[in-house]
Amino acid sequence: QVQLVESGGGLVQAGGSLRLSCTASERTFSSYAKGWFRQAPGKEREFVAGIDWSGSSRAYADSVKGRFTISRDIAKNTMSLQMNSLKPGDTAVYYCAASASISVSWATVRPGTMDYWGKGTQVTVSS
């Protein structure tokens, strides 16, 4: 199965920016619907952003819309999440995920929908 590895997490001041990357182990990653989820201590894992297999359709949670941008690079087998105007509420472990399904309904997606997961990268936003 495809292996996913996140990178780019760290500590940033509120209002700052951070870019997360997810690297996949095989080229089939390009054919999967992909996305980012996050989980803060004491809270359930939640959807953050998603992109379809073609890269033409993107979706975002209301809490990050207008601030985060998801993208992918087929040649590099990578997916990125550009995070701008970060807030303390964005503090969480961020996970890269992928689904082997043809399509994913991002508006109703749950973590159980995804088939492959990275181990996560910590993002901490100070006030």
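Owing to the predicted nature of the structure, the values given are computational and were not obtained by experimental measurement.
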May I ask you to check whether over 12 heavy atoms, not counting those of E26, lie within 6.0 Å of atom CD? yes
When you compare the side chain of V123 with that of M83, does any pair of heavy atoms fall below 4.5 Å? yes
Are there over 12 heavy-atom neighbours, none belonging to R19, within less than 6.0 Å of that residue's CZ? yes
Lys/Arg cation over aromatic Y95: R38, 6.0 Å, 45° cone: no
I'd like to check V125 versus K87 (side-chain heavy atoms, cut-off strictly below 4.5 Å). Are they in contact? no
Taking the six-membered ring of W106, is NZ or CZ of R58 closer than 6.0 Å to its centre and within 45° of its axis? no
Using the rule that Ile, Leu, Val, Met, Phe, Trp and Tyr join whenever any side-chain heavy atoms are under 4.5 Å apart, tell me whether W36 and V93 fall into a single cluster. no
Go through it in stages, so that I can follow the logic: the residues are T113 and V104, the test is side-chain contact (heavy atoms from CB on, under 4.5 Å), and I'd like the CA-CA distance, side-chain angles, deciding distance and then a yes or no. CA-CA 8 Å; T113 298; V104 172; 4.3 Å; yes
Residues that Y116 engages under ring pair (Phe, Tyr, Trp, His ring centres under 6.0 Å), provided they are two or more places apart: Y32
When every non-hydrogen atom of L18 is compared with those of G8, the smallest separation belongs to CG-O, 3.5 Å
For the atom pair CH2 (W53) and CZ (R72), what is the distance rounded to the nearest 0.5 Å? 8.5 Å
Within the 4.5 Å heavy-atom criterion, are L81 and F68 side-chain neighbours or not? yes
Q122 side, atom CD; T91 side, atom OG1 - distance, nearest 0.5 Å: 7.5 Å
Indicate yes or no for a side-chain donor-acceptor contact from S54 to the backbone of S56 under 3.5 Å, with no hydrogens or angles considered. yes
Quick one: OG on S80 to CD1 on I70, what's the gap to the nearest 0.5 Å? 9.0 Å
Could you pull out the closest heavy-atom pair between I74 and S30, with the gap in Å? CG2-CB, 3.8 Å
Are any non-hydrogen side-chain atoms of F29 and K34 less than 4.5 angstrom apart? yes
Contacts of T23 that satisfy side chain to side chain contact (heavy atoms under 4.5 Å, CB included) - sequence neighbours left out: T78
Side chain to side chain, M79 and S21, heavy atoms closer than 4.5 Å: no
What closest approach, in Å, do S101 and D115 show between heavy atoms, and which atom pair accounts for it? N-OD2, 4.3 Å
Nearest heavy atoms of W117 and P111, plus distance in Å: CZ2-O, 3.2 Å
Starting at NZ of K119, measure out to SG of C96 and round the result to the nearest 0.5 Å. 13.0 Å
Could you grab the distance from atom CG of N77 to atom OG of S25, nearest 0.5 Å is fine? 8.0 Å
Any donor-acceptor pair under 3.5 Å linking the side chain of T121 with the backbone of G9? yes
If hydrophobic clusters are built from ILVMFWY residues whose side chains come within less than 4.5 Å, do V48 and L20 share one? yes
Can you check whether C22's main-chain N or O pairs, donor with acceptor, with E6's side chain at less than 3.5 Å? no
Is any side-chain heavy atom of S17 closer than 4.5 Å to one of R67? no
What heavy-atom pair brings Q39 and K43 nearest, and what distance separates the two atoms? NE2-O, 3.1 Å
Looking at K65 and Y60, what are the two nearest heavy atoms and their distance? CE-O, 3.8 Å
Between CD1 of I51 and OG of S71, what distance do you get to the nearest 0.5 Å? 6.5 Å
